[in-house]
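Let me begin by presenting the structure, written as structure tokens, before commenting on it.
Each residue takes its place number in the sequence, starting with 1. Atoms considered below: every heavy atom in the structure, side chains included; atoms not considered: hydrogens, waters and symmetry mates. In this text, all values refer to a predicted model and were calculated from it rather than measured experimentally. Order of listing sets the numbers, starting from 1, for every ligand and every atom in it.
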Amino acid sequence: MINKQIIWGIFFVLIFASCNNDEKVVFINADESGTNPNVPTQTLKEKAKFKIGAAVKMKDLQDVNYKNAVIKHYSQITGEFEMKMANIWTSSTAYNYTAADYLVNFAKDNSLEVHGHTLVWYRSFPDWFVNAKYDSIAFESKVKVFITDVVGRYKGRVKSWDVVNEVFADGGALREESIIKPIFKDPIGFYGRCFQYAKAADPDAKLFYNDYNVVLDAGKRSAIKKMVTRFKAKGYPIDGVGDQFHYANDTNKQTMQTGFTDMASTGLLIHISELDIKVNTAKSDSYVFTDAEAQKQSETYKYITSMYEALPQNQKFAITTWGVTDKFTWLTEAWHPKEYPLLLDSEFNKKPAYQGFLSGLK
Ligand code: XIL
């Protein structure tokens with residue numbers, strides 16, 4: 001009898017343990033297999049009523065898991081560097097479109113849109129161009145040809161462009177280190193004309209100004225708004241503003257919200273254009289990405305997508321994450337090797353951040 005009781009006892013303990021265990025396994029895998037009704041199975045692109053973009057690299061697309069993840073979860077791609085000026089304009093007499101073409105063809109084959117990044121950025125003028133020391137007339141006519149050629153080549157295939165990137169320094173003054181500032185008496189006028197050149201080459205493309213810390217830096221934001229007002233008055237064809245959103249778990253959400261609402265008051269399209277959420281903000285070598293940290297990151301993502309959803313429908317354009325998986329992110333080089341900023345982990349599993357992003361979507 002005692003023996004029987006012990007055996008039943010062991011039996012129940014085992015059943016209980018295996019149920020618990022099952023629960024964990026089910027939780028991790030169910031959203032992939034679709035067997036757990038409590039975990040959403042929709043992908044980002046299926047749920048969103050606007051584009052969900054990813055910055056990708058041609059090189060990384062050779063990894064089949066990466067490539068499949070892009071196709072499965074996203075509806076738009078941006079070349080992480082393949083369409084920057086220095087990468088295309090390899091000499092004064094030649095363009096190299098190999099990588100840019102690859103991305104545009106990849107997008108077409110997989111029904112993805114392409115967002116072009118970026119036509120004019122002080123950091124991506126090729127060396128030969130910088131060394132040529134053009135005066136303002138020659139400078140502008142060269143850039144005009146570049147914009148006309150590149151936007152024209154991808155007319156109808158690249159649906160939107162960051163025409164100008166990162167003009168303003170922190171606080172809102174024009175960047176001192178930009179090669180454009182000393183050349184033009186009125187650099188903002190030059191930027192405005194760049195929008196005209198892009199528009200002439202593809203009248204249907206949506207044209208953006210893109211910068212970082214737009215929602216956090218009130219000075220920079222007011223400089224951008226001033227520029228937008230001037231562009232509108234002059235008829236320079238700007239459609240939208242991109243805030244890169246390279247933020248972190250501890251970024252102040254109230255400041256974010258205030259700045260976001262303020263930027264949206266321009267009535268322009270709003271693009272969250274390079275979203276990633278840092279967790280190791282102290283750049284600690286001993287940092288451990290715990291479940292609690294992953295949860296916090298999930299909440300940050302949810303906050304951001306809900307905030308975006310609160311925009312008037314006609315101002316929503318896209319949310320683009322700057323990368324796809326923690327396996328490949330610019331932050332492990334540019335920030336700290338222990339960084340986990342994206343929606344999929346290194347094995348391409350959905351992180352809590354993915355569910356957070358998803359649950360913020362309407
Ligand atoms: C970064 C890319 O992620 C890197 O791969 C590249 O080497 C340097 O540029 N703001 C921008 C992006 O507008 O173009 C930058 O991308 C990240 C910061």
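A cation-pi geometry, defined here as NZ or CZ lying under 6.0 Å from the six-membered ring centre and within 45° of its normal, holds between K278 and W335.
Across all their heavy atoms, P237 and K199 have their closest contact at CG-CB, 3.5 Å.
Separation of the F139 and F184 ring centroids falls under the 6.0 Å cut-off. Ring centers of Y209 and F195: at least 6.0 Å apart, outside the cut-off.
Sorted by chain and number, the heavy-atom contacts of ligand 1 below 4.0 Å come from K57, E80, K84, H117, W121, N165, E166, Q244, H246, E274, W322, W330.
With sequence neighbours excluded, the residues satisfying side-chain contact (heavy atoms from CB on, under 4.5 Å) with Q295 are S298, E299, P352.
Looking only at atom types and distance, the side chain of D101 has a donor-acceptor partner in the side chain of Y154 under 3.5 Å away.
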